[in-house]
Student: 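So that we are looking at the same thing, I have put the structure below in structure tokens.
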Amino acid sequence: MSKGVFSGVRILDVCRLAAGPYCAKLLADMGAEVTKVEPPEGDPARRYGAFAGDKPGMERSALFLYCNTNKMGVTLNLRTATGRRLLHELAKQADVLVEDAPPQEETALGLDYGALRAANPKLIVTSITPFGKTGPHATWKAYPLNVYHGGGEGFLLPGEPTFSMFPDREPLKAGGFVGEYDSGIYGASATAAALYERTASDQGQHIDVSGQEVQLQLNRMSFIRLTAENTHLTRAGRGYEFGGIFKAKNGYVIVRPTEDNHFESLLQVVDDPALKDERFKARAGRLKYGPELNKILARWLAGQDKEDFYLKIGGSGCPAGYFANAEDLVKSKQLIHRNFFTEIDHPEAGRFLYPTVPYKMPASPARYDRPAPLLGQHNATVYCDRLGLSRAELVQLRQTGII
Amino acid sequence: MTDKQAGPLSGVRILDFTWAAAGPQGTLLAGFLGAEVLKVESVRRLDLMRRGMSTLYEGFDNSPHLNDFNFNKLGIRLDLSKPEGQKLALSLVAVCDAVVDNFRPNVLERLGVGYNAMRRVNPSIILLSAANGGSTGPESKFAGYAGIFNALGGMGYLTGYQDGPPTMLRDSVDLRVGSALAFAIVASLYHRRQTGQGQFVDMASREVVSCLVGDQILEYTMNGHNPMRQGNRDPIMAPHNVYRCKDNDSWVSIAVGTEDEWRALCRVLGRAELASDPRFADAYARKKNEAELDTLITQWTKQRTPHEATLLLQKASVAAMPSMSMDDLLADEHLQARGAYVTVQHPVLGKQTNVGVPWKLSRTPASIRRPGPLFGEHNPFVFGEILGLPKNDVERLTKAEVLS
């Protein structure tokens with residue numbers, strides 16, 4: 001059977017919530033052997049809803065289950081000297097360690113690069129924190145909401161048509177944990193690059209990822225509009241001259257008939273004679289009479305099924321889509337055809353579908369060999385089989401609150 | 001040994017057929033990490049960014065957007081619609097490690113430079129194709145761009161006010177696709193280095209977006225509910241919102257996750273008594289009375305700038321951050337101190353201020369080493385030096401509009 005890209009790579013994931021764990025998940029789903037190191041009370045993601053069967057429980061959180069597929073799990077109290085010593089023993093056998101300790105706490109937790117490097121000079125240490133490990137705001141506190149709004153996109157959301165509906169409201173965060181996962185992806189690409197380089201140099205290094213800078217990177221197009229074009233973007237006026245978001249019978253659609261051939265396709269689908277008006281025929285006319293064009297489209301689309309409209313027009317080359325909710329995604333024929341979802345059975349949460357990866361690599365495919373670990377599930381495997389501790393020592397470590 | 005300044009992917013060569021934003025962001029990141037990227041364009045298929053997006057630029061070399069998405073890349077002109085152009089493209093494939101495109105599925109095949117043709121000249125080549133729905137499936141031919149991926153992928157639905165429509169996220173979504181593409185590039189290079197094996201990597205942009213809302217999809221697959229838009233709210237934490245400040249359109253985000261943070265917030269607000277007010281005495285009560293709480297907080301934030309509010313709250317260990325505009329980001333002392341911005345000298349545009357590299361690697365740093373290429377700037381180097389064509393041939397191919 002084909003092995004995953006990172007098979008044979010050993011990773012310690014000493015992270016909480018979403019950003020760091022997602023970084024390690026991306027590598028785990030592509031074959032790395034990842035051990036998640038949690039404090040004895042567990043990753044706070046375990047307490048974050050929704051929960052399987054709507055029953056709260058440490059092993060039932062959607063966020064935790066999603067972010068920790070394919071990982072083994074151990075507990076370890078890094079606030080103890082023995083905990084830190086065991087972490088460094090594990091680090092000696094690892095290729096990568098991903099951590100997210102605030103810079104003011106990293107030494108107390110044994111997670112500073114100096115200590116880790118002393119334990120294992122070949123180790124790649126990837127740090128993912130809200131503001132990075134250096135600089136005047138490095139020690140600032142931030143939840144995902146604050147990181148996202150510190151990155152430039154929140155201030156520009158929402159654009160039209162929402163802005164006209166609620167011109168006085170506050171800027172918006174993107175839904176769910178989008179910003180955190182962004183940081184995870186940037187952590188994963190740099191980690192993979194450092195692994196690539198290490199095959200030649202046989203040396204580790206430290207990678208410092210700032211969540212705020214990841215968001216800034218993703219908004220580089222808005223940034224260059226300021227520095228090169230002197231445009232001070234706000235939420236106002238962030239719409240299209242014509243086309244855009246429309247309400248359909250059962251949800252919302254988006255359509256952007258920019259070019260003439262797009263508009264021709266639209267005419268084939270929309271059977272409202274008002275749209276055939278000469279004024280709309282050329283792009284210049286559509287730009288000039290955009291609001292009227294949109295009125296006609298809005299009237300017609302209000303009676304349409306969102307997915308039917310998309311399927312009718314999508315093949316013609318006119319950019320169009322519908323706003324998919326979770327159910328739409330799970331039922332999408334395109335995603336089903338591509339086996340985007342896979343069923344994973346978890347001993348406590350149960351069996352249900354998970355999204356997989358957006359890149360198909362036939363020679364080194366993603367695999368889902370294990371669900372997210374139970375709290376401390378692999379303590380014996382890791383501490384006894386790998387570090388050579390006895391069962392009796394394991395019991396003592398447990399009783400003294402180290403694991 | 002790797003040259004310290006050249007980045008971890010130094011020695012890797014990538015042939016880049018991508019254009020616009022998503023694909024170029026993927027190869028931009030690979031270039032930051034040290035790969036040598038050969039960007040292919042032609043007069044028949046100019047990168048949209050040379051024309052610009054909201055502002056239109058005359059000529060080939062006046063667009064700051066083209067520059068911004070293509071640092072470090074070498075620019076060549078090659079017309080793939082001509083048989084000789086296709087032959088040259090395959091000669092380049094032979095000396096590259098990976099090829100990246102964001103054509104619609106089958107366009108490369110139609111041009112005679114599909115994966116099988118590439119493999120014949122370079123058995124271990126990696127081809128990465130990023131398309132809206134991927135290369136297979138009933139919707140694989142459908143056109144897409146950032147706004148469409150955002151809608152189809154499920155992110156737009158979940159972004160918005162609780163009582164408003166879904167939100168159009170735009171260019172950042174293209175860059176999110178590029179970020180996942182960069183990971184796929186590096187991962188497939190690592191696999192190749194370990195095994196000698198290339199492969200065809202088939203990436204779907206809308207699936208990139210769906211992965212970014214993966215936990216929300218699980219809520220449906222486990223329990224059958226569809227998660228909805230939450231504005232800036234959190235399912236448990238309160239306060240957790242963006243609050244109006246003193247000046248026009250100025251805002252600060254504040255989130256409280258622990259009792260310590262809550263008490264600290266009350267102290268900063270000068271309202272220590274709120275900490276024991278039954279309406280806000282515990283996390284459950286605060287969430288229940290969130291609207292009242294937001295009103296109280298706004299009374300305080302409205303008298304301050306986002307920066308003042310943030311400093312006072314951070315000093316008390318409460319998580320706060322302005323909702324930052326691009327102007328705020330540019331002026332930010334922390335980002336400046338970390339070197340988040342770079343000044344790049346472009347031969348036509350002059351000095352440009354751009355967002356720099358997104359990671360700090362301690363031993364093999366990522367870097368910006370040259371501005372985006374002028375149109376066809378590196379034809380002599382790529383065709384003359386890398387492919388070793390005699391000068392006469394390059395001249396003839398240019399005249400014949402193969403290199404055009």
Side-chain angles (χ1 to χ4, degrees), chain A residues 5 50 52 62-63 66 135-137 140-143 145-146 149-150 154-155 158 162 170-171 173-176 178 181 185 188-190 192-193 196-197 205-206 208 217-218 220-221 224 226-228 254 314 317 319 321 323-326 329 334 337-338 352-353 355 358-361 363-364, chain B residues 8 33 64 68 133 137 139 142-143 148 151-152 154 156-159 164 166-167 171-172 175 179 182-184 186-187 190-191 197 199 201-203 207-208 212-222 226 232 242 253 255 314 319 321 323 325-326 334 337-338 353 355 358-360 362-363:
Chain A
V5 171
L63 178 66
Y66 178 61
H137 302 169
W140 278 14
K141 199 177 252 186
Y143 289 101
L145 173 78
N146 312 105
H149 279 286
F155 185 76
T162 316
E170 71 279 7
K173 179 177 88 68
V178 169
Y181 296 152
I185 292 178
S189 53
Y196 180 91
E197 190 274 346
Q205 59 182 318
H206 182 222
D208 175 12
Q217 178 71 217
L218 293 170
R220 58 184 311 137
M221 254 185 107
I224 192 84
L226 171 66
T227 57
I254 176 170
F323 283 82
N325 61 28
L329 293 173
Q334 175 69 12
H337 180 93
R338 287 175 61 80
F352 39 82
L353 293 174
Y359 19 73
K360 299 212 177 301
M361 298 190 190
S364 50
Chain B
L33 290 166
D68 191 53
E139 296 157 31
F142 288 23
I148 306 295
L152 290 177
Y157 185 87
L158 291 165
T159 305
T167 297
D171 34 77
S172 71
L175 277 73
S179 311
F183 175 64
V186 186
Y190 182 78
H191 176 79
Q197 243 182 338
Q199 58 186 313
V201 180
D202 168 13
M203 196 174 105
E207 293 174 14
V208 169
L212 298 175
V213 295
D215 60 291
Q216 309 277 318
I217 297 174
L218 250 60
E219 188 168 343
Y220 176 78
T221 61
M222 355 190 257
N226 260 317
N232 291 300
V242 175
S253 66
Q314 287 289 354
M321 212 43 205
S323 186
S325 68
M326 293 299 143
H334 175 74
R338 279 181 57 85
T353 302
V355 174
W359 334 258
K360 296 193 186 307
S362 61
R363 195 168 47 74

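Just so we're on the same page: letters track the sequence lines, and every chain starts at 1.
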Student: Looking at A:Gln334 and B:Gly133, what are the two nearest heavy atoms and their distance?
Tutor: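 Scanning both residues completely, I find the closest heavy atoms to be NE2-O, 2.8 Å.
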
Student: Sort B:Leu33 into side chain, backbone, both or neither according to what part of it lies under 4.5 angstrom from a heavy atom of chain A.
Tutor: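 The side chain, not the backbone.
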
Student: Can you tell me which portion of B:Gln197 sits under 4.5 Å from chain A's heavy atoms? Options are side chain, backbone, both or neither.
Tutor: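 The side chain, not the backbone.
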
Student: I'd like to know whether A:Leu353 forms a side chain to side chain contact (heavy atoms under 4.5 Å, CB included) with B:Ile217, so could you lay out the CA-CA distance, the side-chain angles of the two residues, the decisive distance to 0.1 Å, and finally the verdict.
Tutor: CA-CA 9 Å; A:Leu353 293 174; B:Ile217 297 174; over 6 Å; no

Student: Give the minimum heavy-atom separation between B:Val242 and A:Glu170, together with the two atoms involved.
Tutor: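 Closest pair (atom of B:Val242, atom of A:Glu170, distance): O-CB, 3.7 Å.
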
Student: What pair of heavy atoms forms the shortest contact from A:Met221 to B:Asp171, and how long is it?
Tutor: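 Nearest heavy atoms, A:Met221 then B:Asp171: SD-CB, 3.4 Å.
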
Student: Could you check which of B:Gly154, B:Ser325, B:Pro166 has the highest count of heavy-atom pairs closer than 4.5 Å to chain A?
Tutor: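 Of B:Gly154, B:Ser325, B:Pro166, B:Pro166 has the most heavy-atom pairs under 4.5 Å with chain A.
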
Student: Under 4.5 Å heavy-atom distance to chain B, tell me which part of A:Leu329 shows up: side chain, backbone, both or neither.
Tutor: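 Answer is side chain: those atoms of A:Leu329 sit under 4.5 Å from chain B.
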
Student: Apply ring pair (Phe, Tyr, Trp, His ring centres under 6.0 Å) to A:Tyr359 and list each qualifying residue two or more places apart in sequence or on a separate chain.
Tutor: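 For A:Tyr359 the ring pair (Phe, Tyr, Trp, His ring centres under 6.0 Å) partners, ignoring immediate neighbours, are B:Phe183.
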
Student: Considering only heavy atoms and a distance below 4.5 Å, find which of B:Glu139, B:Gln216, B:Arg338 pairs most often with chain A.
Tutor: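 Option with the greatest count: B:Arg338.
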
Student: Who wins among B:Thr353, B:Asp202, B:Leu212, B:Val208 for the most heavy-atom pairs under 4.5 Å with chain A?
Tutor: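 Looking at each option in turn, the highest pair count goes to B:Asp202.
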
Student: Check each atom of A:Leu145 against the heavy atoms of chain B and say whether the ones under 4.5 Å are side chain, backbone, both or neither.
Tutor: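 For A:Leu145, the contact with chain B is made by backbone and side chain together.
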
Student: Write down the atom of A:Phe352, the atom of B:Thr221, and the distance for their closest heavy-atom approach.
Tutor: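 Nearest heavy atoms, A:Phe352 then B:Thr221: CB-O, 3.5 Å.
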
Student: Looking only at atom types and distance, does a side-chain atom of A:His137 sit under 3.5 Å from a main-chain N or O of B:His334, one as donor and one as acceptor?
Tutor: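 Such a contact is absent between A:His137 side chain and B:His334 backbone.
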
Student: With a 4.5 Å cut-off on heavy-atom pairs, point out which of A:Ala62, A:Gly314, A:Pro158, A:Ala228 contacts chain B the most.
Tutor: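 Most heavy-atom pairs under 4.5 Å with chain B: A:Gly314.
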
Student: Based on non-hydrogen pairs under 4.5 Å, which of B:Gly137, B:Ala187, B:Ser323 is most in contact with chain A?
Tutor: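 Result: the option with the highest number of such pairs is B:Ser323.
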
Student: Measure distances from B:Gln314 to the heavy atoms of chain A and classify the residue's part below 4.5 Å as side chain, backbone, both or neither.
Tutor: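 The answer is the side chain of B:Gln314.
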
Student: For B:Glu207 and A:Arg338, what are the C-alpha separation, side-chain angles and deciding distance, and is it a side chain to side chain contact (heavy atoms under 4.5 Å, CB included)?
Tutor: CA-CA 10 Å; B:Glu207 293 174 14; A:Arg338 287 175 61 80; 2.8 Å; yes

Student: What are the two closest non-hydrogen atoms of B:Met321 and A:Asn146, and how far apart are they?
Tutor: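 The pair with the smallest heavy-atom distance is CG-O, 3.3 Å.
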
Student: So which part of B:Ala337 gets closer than 4.5 Å to some heavy atom of chain A, the side chain, the backbone, both or neither?
Tutor: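 For B:Ala337, side-chain heavy atoms alone lie under 4.5 Å from chain A.
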
Student: How far apart are the closest heavy atoms of A:Gly175 and B:Thr159, and which atoms are they?
Tutor: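 What the structure gives for the nearest pair is N-OG1, 2.9 Å.
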
Student: I'd like to verify something: which residue of B:Ser253, B:Ala184, B:Ala143 has the highest number of heavy-atom pairs under 4.5 Å with chain A?
Tutor: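 Looking at each option in turn, the highest pair count goes to B:Ser253.
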
Student: Give a yes or no answer on whether the side chain of A:Arg220 reaches the backbone of B:Val355 with a donor-acceptor pair at less than 3.5 Å.
Tutor: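 A pair under 3.5 Å: yes.
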
Student: Please confirm whether the backbone N or O of A:Ala50 pairs with a side-chain atom of B:Glu219, one donor and one acceptor, at under 3.5 Å?
Tutor: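 No; judged by distance alone, with no hydrogens or angles, the pair does not exist.
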
Student: Select, from A:Gly176, A:Ala142, A:Gly321, A:Pro319, the one with the greatest count of heavy-atom pairs under 4.5 Å involving chain B.
Tutor: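 Looking at each option in turn, the highest pair count goes to A:Pro319.
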
Student: Between A:Gly135, A:Ala192, A:Ala193, which has the largest tally of heavy atom pairs under 4.5 Å with chain B?
Tutor: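 Going by pairs under 4.5 Å, I would pick A:Ala193.
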
Student: Which one, A:Ile224, A:Ile185, A:Thr162, A:Thr227, leads in non-hydrogen pairs under 4.5 Å with chain B?
Tutor: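 When all of A:Ile224, A:Ile185, A:Thr162, A:Thr227 are compared, A:Ile224 has the most.
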
Student: Heavy atoms only, distances under 4.5 angstrom: which of B:Gly164, B:Ser179, B:Gly156 has the most pairs with chain A? Name it, please.
Tutor: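 Between B:Gly164, B:Ser179, B:Gly156, the count favours B:Ser179.
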
Student: Can you tell me which portion of B:Gln199 sits under 4.5 Å from chain A's heavy atoms? Options are side chain, backbone, both or neither.
Tutor: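 For B:Gln199, side-chain heavy atoms alone lie under 4.5 Å from chain A.
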
Student: Using non-hydrogen atoms only, which part of A:His149 is less than 4.5 Å away from chain B: side chain, backbone, both, or neither?
Tutor: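 Interface part for A:His149: both.
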
